[in-house]
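So you know, we letter chains A, B, ... as the sequences are listed, proteins then strands, and number each from 1.
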Amino acid sequence: MDKTLPTAAEAVSQIKDGSTLMIGGFGGSGAPIELIHALIDTGVRNLTIINNNAGNGHIGLAALIRQERVKKLVCSFPRGRDTQSFADLYTSGKIDLELVPQGTLAERIRAGGAGIPAFYTPTGVGTELAEGKPVEEFEGKSYLQERWLKADFALIKAEVADTMGNLTFRMAARNFSPLMAMAAETTIVQAGSLVDVGKILPEQVVTPGIFVDRVVEISDPAQEETLNRMDARYPEGSVT
Amino acid sequence: MDKTLPTAAEAVSQIKDGSTLMIGGFGGSGAPIELIHALIDTGVRNLTIINNNAGNGHIGLAALIRQERVKKLVCSFPRGRDTQSFADLYTSGKIDLELVPQGTLAERIRAGGAGIPAFYTPTGVGTELAEGKPVEEFEGKSYLQERWLKADFALIKAEVADTMGNLTFRMAARNFSPLMAMAAETTIVQAGSLVDVGKILPEQVVTPGIFVDRVVEISDPAQEETLNRMDARYPEGSVT
Amino acid sequence: MSGALDKIKLTNAQIAWRAAQDIEDGSYVNLGIGFPEMIANFQPDGREVIYHTENGILGFGDAPAQGEEDWDLINAGKKAVTLNPGASIFHHADSFAMVRGGHLDLAVLGAYQVAENGDLANWSTGGKGVPAVGGAMDLVNGVKRVAVVTDHVTKNGDPKLVQSCTLPLTGLGCVSRIYTSLAVIDVAAQGFVLREKIDAMSLDELQSLTGAELHVERNVESLKVPN
Amino acid sequence: MSGALDKIKLTNAQIAWRAAQDIEDGSYVNLGIGFPEMIANFQPDGREVIYHTENGILGFGDAPAQGEEDWDLINAGKKAVTLNPGASIFHHADSFAMVRGGHLDLAVLGAYQVAENGDLANWSTGGKGVPAVGGAMDLVNGVKRVAVVTDHVTKNGDPKLVQSCTLPLTGLGCVSRIYTSLAVIDVAAQGFVLREKIDAMSLDELQSLTGAELHVERNVESLKVPN
């Protein structure tokens with residue numbers, strides 16, 4: 001069983017206009033920059049993106065948003081040091097936002113992956129973000145009913161992958177990625193190194209290959225934070 | 001922060017009559033035999049036990065049941081090669097059984113640990129085990145509402161622990177243990193080896209120390225399956 | 001008839017062999033404890049199948065030699081297994097996320113009864129003994145496709161394929177294919193559809209051993225297995 | 001009054017110092033992004049506190065030297081951190097299981113407003129800009145105890161401690177203690193209970209800067225901090 005593909009372009013080639021995508025990462029860590037840039041190159045649009053943030057600077061998710069490829073963003077924190085790409089489109093009404101508390105976002109994604117259509121959480125009770133959500137009382141306390149989140153595709157950055165798609169992640173670059181790999185119909189992974197099956201110890205696999213569909217090796221991958229500190233842009237030379 | 005105690009007896013000393021206990025393990029793997037035997041020695045009774053099975057043979061959970069310390073068992077599969085201890089008491093009405101599908105049992109324990117009072121699952125819809133449970137439809141399909149499970153104590157077997165309670169587990173002895181560690185008010189761990197803080201790599205911690213309250217080192221721990229193949233009994237020499 | 005039937009019907013190993021032929025290369029599969037476990041012995045050459053067990057292993061392999069068992073490596077039937085290259089270990093909630101979340105391609109389970117609407121009864125005979133359910137209800141409601149391997153009739157000669165299950169249900173409308181000791185039968189919108197039967201049995205005979213109508217859509221193939 | 005107030009009120013660092021004195025040895029703590037992060041700088045000697053960040057680290061330590069950052073080791077505020085011995089890494093669902101499941105002992109957060117019933121508003125000023133909530137709503141509904149560090153009044157001199165929040169709520173009845181630039185106040189059944197105040201301010205003056213009644217149960221202690 002070999003899930004590898006030679007290039008990021010081939011890995012993302014089946015993503016179509018109107019798809020829903022989960023993209024791993026939190027702030028400057030864990031974003032699959034090369035996969036996102038390959039996605040930009042395909043020209044797809046009308047995407048719904050599920051990510052914790054709205055990208056920063058002019059690369060990765062921020063570049064995808066800047067190019068008006070995203071019709072809706074589902075996230076917890078679309079503000080940051082440089083989230084102008086999103087802010088401009090949002091204030092001019094060109095992008096929809098579904099704001100979700102961070103823990104609820106993580107749990108909704110896990111629920112999507114785990115076949116749990118809805119669950120109850122105390123998070124958000126009594127707030128604006130509870131609007132339209134069923135409230136139920138358990139043991140004398142109120143909880144909101146929240147629904148699962150699923151996606152057509154997940155774009156994930158791993159540290160090591162084997163050819164069957166078993167994954168490990170580097171430090172806190174793990175964040176949402178193992179959950180998103182579970183919740184997407186097709187999970188596409190860029191791995192810093194690709195190893196033979198059996199090289200990752202069974203007890204140390206973080207995401208089992210059953211959750212992974214395609215793997216491309218991107219050695220020495222870009223780090224969102226590092227690119228932004230260099231004021232990088234994608235495509236290169238882009239001005240806006 | 002040092003969560004270690006010198007003996008299994010001290011580790012279980014605060015468990016009182018009427019407590020609810022989660023006990024890790026699946027079949028012959030992962031059961032914290034030494035902690036269970038220390039618990040038997042305390043004489044506590046009227047316990048509610050949450051475990052996948054009902055114990056086997058005359059040691060561990062089976063011995064606890066045989067001694068009529070358990071008023072109720074919550075489990076998915078109380079049958080096995082030698083589960084006579086449970087069967088005798090069950091058929092004579094001396095022990096209550098709450099039968100829970102295995103995946104629902106795991107998810108209810110996780111929910112208890114994760115602050116999710118209820119969730120929906122397709123498991124069990126239309127069956128006897130759905131009796132009394134709310135049914136709700138999502139996207140045209142029916143699901144049962146299931147409630148969280150919590151416990152006063154969890155008894156867990158780890159392979160390695162550090163003094164702060166970070167844990168790793170050996171192979172499939174992992175099973176329910178990381179979930180139970182989350183869902184119990186007080187989690188008591190027997191570890192095959194106890195190491196200094198920092199010796200378990202941060203990315204390889206399976207159960208973070210925040211879920212663990214007490215750790216006792218039991219090197220060369222007993223394996224339930226191995227004990228049963230030797231027809232071991234606890235207390236030694238016990239006949240029934 | 002029972003004696004005659006015993007002579008012509010497939011053995012469990014032959015049923016398992018037939019079921020194994022349908023498992024596609026690259027599948028993630030859960031085999032029920034007991035008889036279904038036998039299917040792994042007949043995996044066709046050149047196909048890679050990854051086996052899942054509820055207690056937290058993906059990619060387990062053959063049983064170890066006697067005396068070589070590692071009792072922390074067991075399957076859901078509590079039998080010792082080994083790990084194939086690429087195996088992974090995880091906790092029970094992640095294991096059932098795989099099941100319930102639709103990540104497994106196939107589960108092959110045993111059955112007491114299967115109804116023509118795909119209902120399955122395989123966890124309880126409704127008697128007074130100790131009930132046990134394990135992961136069966138999770139599997140039938142989560143795995144993409146559920147197949148059954150079973151004798152065509154009970155030890156008493158009663159049909160196991162029925163109009164409506166009389167034993168406690170495991171799941172509703174969940175079975176899509178049944179490999180019996182006499183036939184291969186799909187569960188479709190109209191009910192049981194006969195795909196293959198052993199040559200030694202006529203359609204009428206087979207129908208008489210089946211508790212609901214056997215539909216025939218196209219040619220019924222000959223159910224052939226190695227001796 | 002604003003100029004006079006600025007002279008006597010505590011600095012953010014002093015508020016952070018005071019909050020740090022109450023964090024017990026062995027606590028698991030989440031510090032909100034921005035001002036609350038400063039509390040870690042004032043951890044009293046001899047106490048071990050384990051800090052949690054939403055993005056999947058337990059046991060992070062000081063910021064690394066400039067140029068030594070590992071951008072896969074950041075906190076919820078996206079600042080580079082280091083790992084202390086005994087740290088662990090986990091995914092976001094496990095991270096919020098710790099939060100929502102009541103495993104953290106304390107969260108210390110910033111505030112726009114705190115009401116006398118413990119309601120907190122700290123995520124939105126209700127304006128037209130881009131809204132962002134992060135993990136605040138999860139923290140206030142999950143962590144065992146929620147404290148707030150804040151200036152006693154807004155930049156305009158309006159009370160931040162109020163009868164009822166006018167800004168969008170983060171959570172209901174969740175705050176148990178407030179460390180302000182002038183006082184330490186508990187939220188109890190009867191409302192705000194004054195525990196400590198700076199010597200330079202009378203009770204009447206403090207009440208005039210507070211939007212709801214300050215109850216006094218016993219002696220009010222002097223709020224003393226290092227310079």
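Among residues two or more places apart in sequence or in another chain, the side chain to side chain donor-acceptor pair (under 3.5 Å) test is passed with T123(A) by T121(A), D138(D).
In this structure, chain A has no heavy atom under 4.5 Å from any part of E146(B). In this structure, the portion of E159(A) lying under 4.5 Å from any heavy atom of chain B is its side chain and not its backbone.
Using a cutoff of 4.0 Å between basic side-chain nitrogens and carboxylate oxygens, R108(A) and E98(A) are scored as salt-bridged. Salt-bridge formation is detected for the pair E225(B)/R229(B): a Lys NZ or Arg NE/NH1/NH2 atom is positioned less than 4.0 Å from an Asp or Glu carboxylate oxygen.
At least one donor-acceptor pair under 3.5 Å links the side chain of D213(A) to the backbone N or O of T187(A).
The candidate with the highest count of non-hydrogen atom pairs below 4.5 Å against chain A, out of F169(B), W148(B), Y120(B), is Y120(B). Listed options A114(A), P117(A), P122(A), A111(A) were ranked by heavy-atom pairs under 4.5 angstrom with chain B; first place goes to P117(A). Chosen from Q145(A), R170(A), E136(A), R174(A), the residue pairing most often with chain B at heavy-atom distances under 4.5 Å is Q145(A).
Pairs of residues two or more places apart, or lying in two chains, that qualify as side-chain hydrogen bond (donor to acceptor under 3.5 Å, both in side chains) and include a residue from residues 191-208 of chain A are Q204(A)-Q204(B).
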